[in-house]
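I have placed the structure first, in the form of structure tokens, so that the comments after it can refer back to it.
Since the structure is predicted, the reported quantities are computational estimates derived from the model, not experimental observations. To find a chain, count down the sequence lines: A is the first, B the second, and so on, and within it residues start at 1.
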Protein chains: 2
Amino acid sequence: MEPATKQADTAAARPGPCSRWPDESVEIIRDVLDRAGDKWTTLVIAALQNGPLRYTDLQRAIPGISQRMLTLTLRQLHRDGLVTRTAYAEVPPRVEYALTNLGVTLLDIVVSLIDWAGAHHTDIKDNRRRFDAGQVR
Amino acid sequence: MEPATKQADTAAARPGPCSRWPDESVEIIRDVLDRAGDKWTTLVIAALQNGPLRYTDLQRAIPGISQRMLTLTLRQLHRDGLVTRTAYAEVPPRVEYALTNLGVTLLDIVVSLIDWAGAHHTDIKDNRRRFDAGQVR
DNA sequence: CCGCATCCTGAGCGATACTG
DNA sequence: CAGTATCGCTCAGGATGCGG
């Protein structure tokens with residue numbers, strides 16, 4: 001497709017996937033990307049798709065998660081403004097987590113990702129099997 | 001695999017975000033999700049959006065990646081059938097990587113994610129600053 | 001030029017026990 | 001109920017060097 005001879009004068013502009021944004025933003029975008037694509041983040045966001053949930057409800061909604069990771073993930077999400085944390089001063093105490101508007105915008109993508117995984121995991125399992133059998137093409 | 005009879009105690013039948021699919025698939029979906037949301041995977045997929053690239057081109061297109069991670073990520077993607085690996089028996093050798101059809105389906109989501117990060121990283125940076133300043137609400 | 005193998009470090013994560 | 005604190009351990013991943 002592309003002749004490799006253009007590498008001489010492209011010192012200023014990086015031909016990368018992030019080239020749409022100024023260089024300074026790239027780190028942050030990476031950071032955001034890392035957080036958003038994170039395993040637990042994805043699952044927590046998805047778990048909140050039908051409305052607010054309490055801490056223990058979340059823990060039950062996400063089978064494999066440990067207390068530590070749930071707490072950490074929720075704090076990150078709260079810090080980033082993706083979820084709200086509402087503590088009711090009651091006895092017994094009650095804390096609810098819910099998606100913010102920003103969180104909802106991410107939800108769409110997260111749902112897409114989960115759907116994708118659900119739709120193609122069979123193909124992928126198959127591909128892996130074939131690859132492991134004989135180093136295909 | 002596992003006996004279908006005694007499974008009741010752990011996370012067998014929990015109403016979670018993945019409850020749309022049979023329980024056996026959940027692990028695999030998790031696995032796929034983990035892979036698909038992976039930092040380097042995302043960037044590699046995005047880097048290939050405009051067509052095939054050679055190994056070193058990919059390395060240049062993704063500034064922070066190490067050889068090890070690039071090799072590993074590419075092998076995973078190849079194994080999962082998301083990219084093709086074509087080695088030309090030339091001197092000097094040339095190897096090109098390209099998205100498969102399956103890879104392209106993931107590309108859409110990956111692009112969405114990157115766009116999302118690009119669109120909201122300012123908000124998020126702001127949110128973080130505010131959170132760190134005083135433990136807001 | 002392409003890519004794999006090895007070594008090594010430390011961050012991430014799970015398990016457990018403890019407070020408000 | 002909703003977290004925090006501490007301890008280990010695994011393993012992601014960077015640096016280096018070799019092989020095709």
Side-chain angles (χ1 to χ4, degrees), chain A residues 2-5 7-8 27 30-31 33-44 47-48 52-79 83-98 131-132 135-137, chain B residues 9-11 27 30-31 33-44 47-48 52-80 83-98 131 135 137:
Chain A
E2 189 184 10
T5 49
Q7 57 177 294
E27 292 180 35
R30 281 250 184 106
D31 190 40
L33 214 60
D34 226 22
R35 182 93 10 114
D38 176 65
K39 179 187 184 182
W40 299 124
T41 297
T42 306
L43 294 170
V44 168
L48 290 172
L53 283 182
R54 303 173 61 172
Y55 185 87
T56 41
D57 289 334
L58 277 168
Q59 204 168 9
R60 257 182 297 112
I62 308 170
I65 201 167
S66 63
Q67 280 191 346
R68 177 190 158 89
M69 286 327 288
L70 180 55
T71 300
L72 249 51
T73 303
L74 285 171
R75 192 181 326 170
Q76 303 285 6
L77 289 173
H78 184 209
R79 189 169 100 106
V83 307
T84 57
R85 179 187 185 277
T86 310
Y88 299 91
E90 301 174 353
V91 179
R94 190 171 103 239
V95 180
E96 282 191 345
Y97 294 91
F131 184 89
D132 291 344
Q135 302 292 65
V136 284
R137 23 171 186 162
Chain B
D9 60 321
T10 47
E27 290 181 35
R30 282 253 182 106
D31 190 40
L33 214 60
D34 226 22
R35 181 96 6 115
D38 177 63
K39 178 185 183 181
W40 299 126
T41 298
T42 306
L43 294 169
V44 167
L48 290 174
L53 283 182
R54 303 174 60 172
Y55 184 87
T56 42
D57 289 333
L58 277 169
Q59 204 167 8
R60 257 181 298 112
I62 308 171
I65 199 168
S66 65
Q67 280 191 345
R68 177 189 158 89
M69 280 303 108
L70 180 55
T71 300
L72 249 51
T73 303
L74 285 171
R75 192 183 330 170
Q76 304 285 7
L77 289 173
H78 184 209
R79 188 169 101 106
D80 291 354
V83 306
T84 58
R85 180 188 184 277
T86 312
Y88 298 93
E90 301 174 352
V91 179
R94 190 172 102 239
V95 181
E96 282 192 346
Y97 294 91
F131 184 88
Q135 301 291 67
R137 23 160 189 166

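- Residue contacts shown for A:Tyr88 are absent, as no nucleic acid heavy atom lies under 4.0 Å away.
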Which pairs, protein N/O on one side and nucleotides 10-15 of chain C N/O on the other, fall under 3.5 Å?
| unit_1 | atom_1 | unit_2 | atom_2 | d |
| --- | --- | --- | --- | --- |
| C:dG14 | OP2 | A:Ser66 | OG | 2.9 |

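- Within the structure, a side-chain polar atom (N or O) of B:Arg85 is placed less than 4.0 Å from OP1 or OP2 of C:dG3.
- Atoms CD and CD, on B:Gln59 and B:Gln67 in that order, are 5.0 Å from each other to the nearest 0.5 Å.
- Side-chain contact between A:Leu43 and A:Thr73: absent, with no pair of heavy atoms (C-beta onward) separated by less than 4.5 Å.
- Atom-to-atom, CZ of B:Arg75 to C1' of C:dG3 comes out at 9 Å; the value is rounded to the nearest Å.
- Here B:Thr42 pairs with A:Leu33, B:Val110, B:Ile114 under the side-chain contact (heavy atoms from CB on, under 4.5 Å) rule; sequence neighbours left out.
- Taking the C1' atoms of five terminal pairs at each end of the helix from C:dC1-D:dG20 to C:dG20-D:dC1, the two resulting helix axes are inclined by 50°, rounded to 10°.
- Residue B:Thr71 places none of its side-chain N or O atoms closer than 4.0 Å to OP1 or OP2 of C:dC2.
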Going through the checks in order, is the side chain to side chain contact (heavy atoms under 4.5 Å, CB included) test met by B:Tyr97 and B:His78? CA-CA 9 Å; B:Tyr97 294 91; B:His78 184 209; 5.8 Å; no
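- For the side chain to side chain donor-acceptor pair (under 3.5 Å) test, no residue two or more places apart in sequence or in another chain qualifies with A:Arg54.
- Among residues two or more places apart in sequence or in another chain, the side chain to side chain donor-acceptor pair (under 3.5 Å) test is passed with A:Arg94 by A:Glu90.
- Residues satisfying the side chain to side chain donor-acceptor pair (under 3.5 Å) criterion with A:Thr71, sequence neighbours excluded, are A:Tyr55.
- For A:Gln67, counting side-chain heavy atoms from C-beta on, the closest listed nucleotide (C:dT16, C:dC2, C:dG20) is C:dT16.
- Note that CH2 of A:Trp40 is 8.0 Å distant from CE of A:Met69, once rounded to the nearest 0.5 Å.
- When the side-chain contact (heavy atoms from CB on, under 4.5 Å) test is applied to A:Pro93, no partner is found at least two apart in sequence or on another chain.
- One atom, CG of B:Leu74, and another, P of C:dG3, lie 8 Å apart when rounded to the nearest Å.
- On the nucleic acid side, DNA chain D has its first and last nucleotide under 4.0 Å of a heavy atom of chain B at D:dG13 to D:dG20, going 5' to 3'.
- Evaluation of the salt bridge (Lys or Arg N to Asp or Glu O under 4.0 Å) rule for A:Asp57 yields A:Arg60 as partners, not counting sequence neighbours.
- Residues passing the side chain to side chain donor-acceptor pair (under 3.5 Å) test with B:Gln76 are B:Arg35, sequence neighbours excluded.
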